[in-house]
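Note that these values count all heavy atoms, side chains included, but never hydrogens, waters or copies made by symmetry.
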Amino acid sequence: MASISSTTSFPFKIILGSSSPARREILADMGYEFIVMSADIDEKAIRKDKPDELVKALAEAKAEAIKLKLHDDCGPGSDQTTLLITSDQVMVSKGVIRERPRSAEEAREFIKGYSDDRAFAVNFVLVSNLSTGATKGGWDIPEIKFKNIPDEFIDRVVNQGEMTCVAGGLKLTHPSVLPFIIKELVGTADSVRGLPRELTEKLIRESLEAKAE
């Protein structure tokens, strides 16, 4: 599906409320130009028991924090429509929420838990039209089924560090991980990386069309 930016002359700009390189890459690949702002919130201070509620609360908190930084620059009366995209993701394994691991030992525990099992990447994307006040959000939850993950592989990626600094403690789309995933993902790679392309495109369209809520 072609992005709105390539199919209409509707003038709008996008702020991506995320410092994630993967999300920046996905949004750029969708054909959009955007600026990046970080919410700088204490995510650990926001707690929910259910993963779908947690990612929604975090995405909303990021949006509110960035709006405070922007003040009135992009609100009603501004010359150009501005959309703010915020999102969050957690992994769920054995019914337990897995955020970014706080230590190497926690990362090792997360990855060992995936072995011969399955996990879900729970995403929530929120698109806020700062010019109208309208917001549109939605979930995307791909399933990942794993083969046996050898201890030597787990030790190697944990020691390297850069492979575990994501929600769930393992970069699932990295080529070295793919041999341990059964067949194809039940979902899309961009969703596993943290910004579901189809959902994001849909929410952008809806937020441009919606009236203030």
Side-chain angles (χ1 to χ4, degrees), residues 4 12-28 30 32 34-78 80-92 95-102 119-142 165-168 187-188 190-213:
I4 296 174
F12 64 94
K13 63 182 180 180
I14 290 178
I15 300 170
L16 176 62
S18 174
S19 58
S20 162
R23 291 190 180 111
R24 294 200 301 266
E25 182 180 332
I26 292 166
L27 192 58
M30 290 169 66
Y32 291 110
F34 54 91
I35 63 172
V36 174
M37 291 188 68
S38 178
D40 300 323
I41 64 171
D42 179 7
E43 297 188 17
K44 296 299 184 183
I46 300 172
R47 298 292 88 190
K48 299 288 183 180
D49 293 334
K50 296 181 179 179
D52 56 337
E53 294 178 356
L54 176 60
V55 290
K56 181 175 184 290
L58 287 167
E60 290 174 342
K62 292 174 184 178
E64 291 305 312
I66 291 173
K67 288 177 187 178
L68 289 175
K69 290 183 177 182
L70 292 170
H71 300 293
D72 298 324
D73 295 342
C74 304
S78 61
Q80 189 175 28
T81 297
T82 301
L83 304 182
L84 169 62
I85 300 175
T86 55
S87 63
D88 200 78
Q89 180 194 77
V90 296
M91 294 290 292
V92 177
V96 178
I97 296 173
R98 306 295 193 189
E99 298 179 80
R100 184 176 299 185
R102 292 166 291 186
F120 298 90
V122 182
N123 296 276
F124 186 82
V125 179
L126 180 68
V127 179
S128 305
N129 187 326
L130 302 183
S131 303
T132 67
T135 60
K136 293 293 177 179
W139 290 268
D140 189 81
I141 307 176
C165 57
V166 294
T188 60
D190 47 76
S191 184
V192 171
R193 296 176 68 201
L195 191 67
R197 179 190 298 255
E198 185 173 339
L199 174 61
T200 302
E201 192 74 73
K202 172 178 174 288
L203 297 174
I204 289 174
R205 292 178 183 273
E206 290 178 352
S207 68
L208 288 171
E209 297 167 356
K211 296 180 180 180
E213 297 179 351

- Query: Is the shortest distance from a Lys or Arg side-chain nitrogen in Lys56 or Glu60 to a carboxylate oxygen in the other one below 4.0 Å?
  - Reply: yes
- Query: Less than 4.0 Å between a side-chain N and a carboxylate O, is that true for Glu209 and Arg205?
  - Reply: no
Heavy-atom side-chain proximity of [X] to [Y] below 4.5 angstrom:
{"X": "Ile204", "Y": "Ile14", "value": "yes"}
{"X": "Val125", "Y": "Asp140", "value": "no"}
{"X": "Glu201", "Y": "Tyr32", "value": "yes"}
{"X": "Glu64", "Y": "Lys67", "value": "yes"}
{"X": "Ile15", "Y": "Leu70", "value": "yes"}

Looking at every heavy atom in both [X] and [Y], which two are closest together, and how far apart are they?
{"X": "Gln89", "Y": "Ala121", "result": "NE2-CB, 3.9 Å"}
{"X": "Pro101", "Y": "Val166", "result": "CD-O, 3.3 Å"}
{"X": "Ser87", "Y": "Arg23", "result": "OG-NE, 2.9 Å"}
{"X": "Ala65", "Y": "Ala39", "result": "CB-O, 3.8 Å"}
{"X": "Trp139", "Y": "Asp52", "result": "NE1-O, 2.9 Å"}
{"X": "Thr86", "Y": "Ala59", "result": "OG1-O, 2.9 Å"}

Please round to the nearest 0.5 Å and tell me the distance separating atom [atom1] of [X] and atom [atom2] of [Y].
{"X": "Met30", "Y": "Glu198", "atom1": "CE", "atom2": "CD", "result": "10.0 Å"}
{"X": "Leu203", "Y": "Leu208", "atom1": "CG", "atom2": "CG", "result": "11.0 Å"}
{"X": "Leu130", "Y": "Thr135", "atom1": "CG", "atom2": "OG1", "result": "10.5 Å"}
{"X": "Ile66", "Y": "Leu16", "atom1": "CD1", "atom2": "CG", "result": "8.0 Å"}
{"X": "Asp190", "Y": "Leu195", "atom1": "CG", "atom2": "CG", "result": "7.5 Å"}
{"X": "Arg193", "Y": "Asn123", "atom1": "CZ", "atom2": "CG", "result": "12.0 Å"}

- Which of Leu84, Ile41, Ile85 passes side chain to side chain contact (heavy atoms under 4.5 Å, CB included) with Lys62? Answer is Ile41
- Task: Quickly, which of Glu99, Arg98, Lys48 forms a side chain to side chain contact (heavy atoms under 4.5 Å, CB included) with Val90? Name it, please.
- Result: Glu99
- Message: Can you confirm whether Arg24 is buried at CZ, in the sense that more than 12 heavy atoms of other residues, nucleotides or ligands lie under 6.0 Å from that atom?
- Response: yes
- Query: Near Asp42 CG, under 6.0 Å, is it more than 12 heavy atoms from other residues, nucleotides or ligands?
  - Reply: yes
- Message: Can a donor-acceptor pair be found, under 3.5 Å and without considering hydrogens, that links the side chain of Ser207 to the backbone of Ser128?
- Response: no
- With distance as the sole test, does Asp88 use its side chain to make a donor-acceptor pair with the main-chain N or O of Leu58 at under 3.5 Å? no
- Message: Once side-chain hydrogen bond (donor to acceptor under 3.5 Å, both in side chains) is applied, do any residues pair with Glu43, and if so which ones, sequence neighbours excluded?
- Response: none
